[in-house]
Protein chains: 2
Amino acid sequence: MSRSGNAVDAQTILDAAVGMLEEGGIAGFSMRGLADRIGVAVTSIYWHVGGRDALFDSLTDRLRDEMAALPTDGATPIERITALARAQRTMLIDRQHLLAVANARHRARTLFVPVQQHLATELAGLGITGDHAALALRSIEVHVISFALMQFSSLRGDKNDVADASAWTDDWLDRELAEALRSPTDYDAVFEYGLSALLASLC
Amino acid sequence: MSRSGNAVDAQTILDAAVGMLEEGGIAGFSMRGLADRIGVAVTSIYWHVGGRDALFDSLTDRLRDEMAALPTDGATPIERITALARAQRTMLIDRQHLLAVANARHRARTLFVPVQQHLATELAGLGITGDHAALALRSIEVHVISFALMQFSSLRGDKNDVADASAWTDDWLDRELAEALRSPTDYDAVFEYGLSALLASLC
DNA sequence: ACCTGAACACCGTTCAAGT
DNA sequence: ACCTGAACACCGTTCAAGT
């Protein structure tokens with residue numbers, strides 16, 4: 001419908017898929033809708049990129065490759081690790097819907113791969129190697145990715161935050177705590193809190 | 001099909017839904033399939049519990065209520081917090097599919113509600129109150145839940161662990177680290193590592 | 001090599017009709 | 001009050017047929 005030239009290749013299809021996902025999320029995505037958006041029969045998508053699963057896998061691979069260029073500046077190893085974790089988190093939140101796509105394919109952790117080697121180098125700079133390095137690396141990995149995953153998920157259902165919070169009446173043990181728990185979660189603060197706890201345990 | 005008596009009420013339907021989810025996961029669940037399993041017309045489910053979303057919400061509420069009875073033994077506040085976090089994590093892994101259901105409704109964090117008050121009490125015992133307590137509480141919350149969510153998701157796509165690991169050749173900077181990263185993630189160890197880092201930052 | 005339409009086997013949901 | 005069948009508007013995927 002929306003296209004005039006007929007240069008339909010895998011890249012064009014993937015680009016259109018990203019656009020569609022950014023507009024309506026994973027719930028708003030369908031093979032048929034994607035075909036309409038490109039102006040082609042559904043079946044032609046199957047020829048170029050395969051089915052839904054294959055398409056989602058390709059999008060995941062694309063996002064993973066984009067993650068290779070994340071900035072890693074900072075004076076000390078700890079600062080560089082922090083910067084890397086923050087930058088990746090920002091990018092994942094930015095690309096919420098693609099993260100959801102990776103997760104739908106159970107491949108969210110794949111997105112961490114390009115960061116692993118950088119992180120291993122920084123850990124080595126701190127004298128952390130072997131099993132300990134592997135543990136630290138994976139802790140940071142899970143913290144960054146699962147956190148983004150959950151934040152994304154929570155933002156979509158923000159009414160629940162309020163509903164659940166109604167359980168916190170003021171006459172409960174700590175008025176300031178009750179107050180804080182009644183307002184929506186400050187994900188940035190919670191992320192930083194967990195990250196610095198993880199990094200502190202390294203030294 | 002499978003029932004003879006005709007006592008079809010909301011509870012029976014929810015129980016059957018849990019059974020169906022345990023067998024085939026969220027992907028294997030459908031309203032029509034559930035109706036067949038009970039031996040009733042699909043539309044009768046709509047009368048008793050509402051549509052798919054309402055049904056999933058009810059299952060989430062049920063699981064949330066079950067979380068109220070988690071054991072909290074330990075000599076010190078830190079030990080009791082640790083025990084609580086571990087017990088909840090074990091239960092979430094046990095009920096993987098129901099956790100996935102809650103997540104599909106963007107209500108995974110709801111599952112933490114029954115634990116919140118216990119945790120707040122223990123934090124108060126450590127002299128932690130107000131905003132700091134809120135931050136600590138939510139850090140533990142996100143750690144427990146998002147971790148279980150991700151572990152569940154990863155286990156379903158375990159082939160990726162191997163595929164991604166192929167990037168780790170031995171001639172890379174740290175042989176022992178490469179070795180460790182090539183084998184599948186020990187989620188228990190990573191969970192404990194992150195949890196103790198969080199708790200250490202409390203004191 | 002590329003694109004198509006038709007068909008298959010599914011979905012969730014609504015609603016008028018039954019008892 | 002409870003349950004039904006029919007119908008609507010969707011899905012993803014396959015495959016033989018076209019050019």
Side-chain angles (χ1 to χ4, degrees), chain A residues 1-21 23-60 97 100-107 156-157, chain B residues 1-21 23-60 97 100-107 156-157:
Chain A
M1 283 242 163
S2 58
R3 301 190 68 263
S4 43
N6 258 358
V8 187
D9 60 347
Q11 287 308 316
T12 334
I13 294 174
L14 292 181
D15 288 341
V18 170
M20 192 172 183
L21 284 162
E23 280 174 29
I26 246 189
F29 177 89
S30 78
M31 298 295 279
R32 291 175 136 102
L34 177 58
D36 281 355
R37 168 182 276 253
I38 305 175
V40 90
V42 212
T43 42
S44 139
I45 295 177
Y46 283 80
W47 198 91
H48 283 292
V49 299
R52 192 189 215 253
D53 287 351
L55 192 148
F56 278 13
D57 281 339
S58 298
L59 291 179
T60 304
H97 301 296
V101 161
N103 189 238
R105 295 291 301 138
H106 303 295
R107 290 187 61 214
R156 313 235 93 210
Chain B
M1 282 241 163
S2 58
R3 302 189 69 264
S4 43
N6 256 358
V8 187
D9 60 347
Q11 288 307 316
T12 334
I13 295 174
L14 292 180
D15 289 340
V18 170
M20 192 172 183
L21 284 162
E23 280 174 28
I26 246 190
F29 176 90
S30 77
M31 297 296 279
R32 289 175 136 101
L34 177 59
D36 280 357
R37 167 182 277 253
I38 305 175
V40 90
V42 212
T43 42
S44 137
I45 296 177
Y46 282 80
W47 197 90
H48 284 291
V49 298
R52 192 187 215 254
D53 287 352
L55 192 149
F56 278 13
D57 281 340
S58 297
L59 291 179
T60 303
H97 300 297
V101 161
N103 189 237
R105 295 291 301 141
H106 303 293
R107 289 187 61 213
R156 312 237 93 209

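Naming: A, B, ... by sequence-line order, numbering from 1 per chain. Hydrogens, waters and symmetry mates are skipped; everything else that's a heavy atom, side chains included, is used. Predicted model only: the values in this text are computed from it and were never measured.
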* Asked: So, is H48(A) close to the dC3(C) phosphate, meaning a side-chain N or O under 4.0 Å from OP1 or OP2?
  -> yes

* Asked: Taking the side chain of R32(A) as heavy atoms from C-beta outward, which of dT4(C), dG12(D), dT14(C) is closest to it?
  -> dG12(D)

* Structure fact -> Of the listed dG12(C), dG12(D), dC3(D), the closest approach to the S30(A) side chain comes from dG12(D)

* Taking CZ from F29(A) and C1' from dC11(D), how many angstroms apart are they, rounded to a whole number? -> 12 Å

* Quantified in whole Å, what is the C1' atom distance between nucleotide dC3(C) and nucleotide dC15(D)? -> 13 Å

* To do: Let me know the distance between CD1 of I45(A) and C1' of dG12(D), rounded to the nearest Å.
  => 11 Å

* Asked: Is the closest side-chain heavy-atom distance between Y46(A) and M31(A) below 4.5 Å?
  -> yes

* Structure fact -> Pairing partner of dT4(C), by Watson-Crick or G-U wobble and under 3.5 Å for both distances, is dA16(D)

* Compare all side-chain heavy atoms of E23(B) with those of R37(B) and state whether any distance is below 4.5 angstrom. => yes

* Atom-pair distance (CD1 on I38(A); C1' on dC2(C)), nearest Å -> 14 Å

* Asked: Considering only dT4(D), dT4(C), dG12(C), which nucleotide approaches the side chain of M31(B) most closely?
  -> dG12(C)

* **From dC3(D), dT13(D), dG12(C), nucleotide with atom closest to V8(B) side chain** => dC3(D)

* Most 5' of T43(A) and G33(A) on DNA chain D, judged by nearest nucleotide -> G33(A)

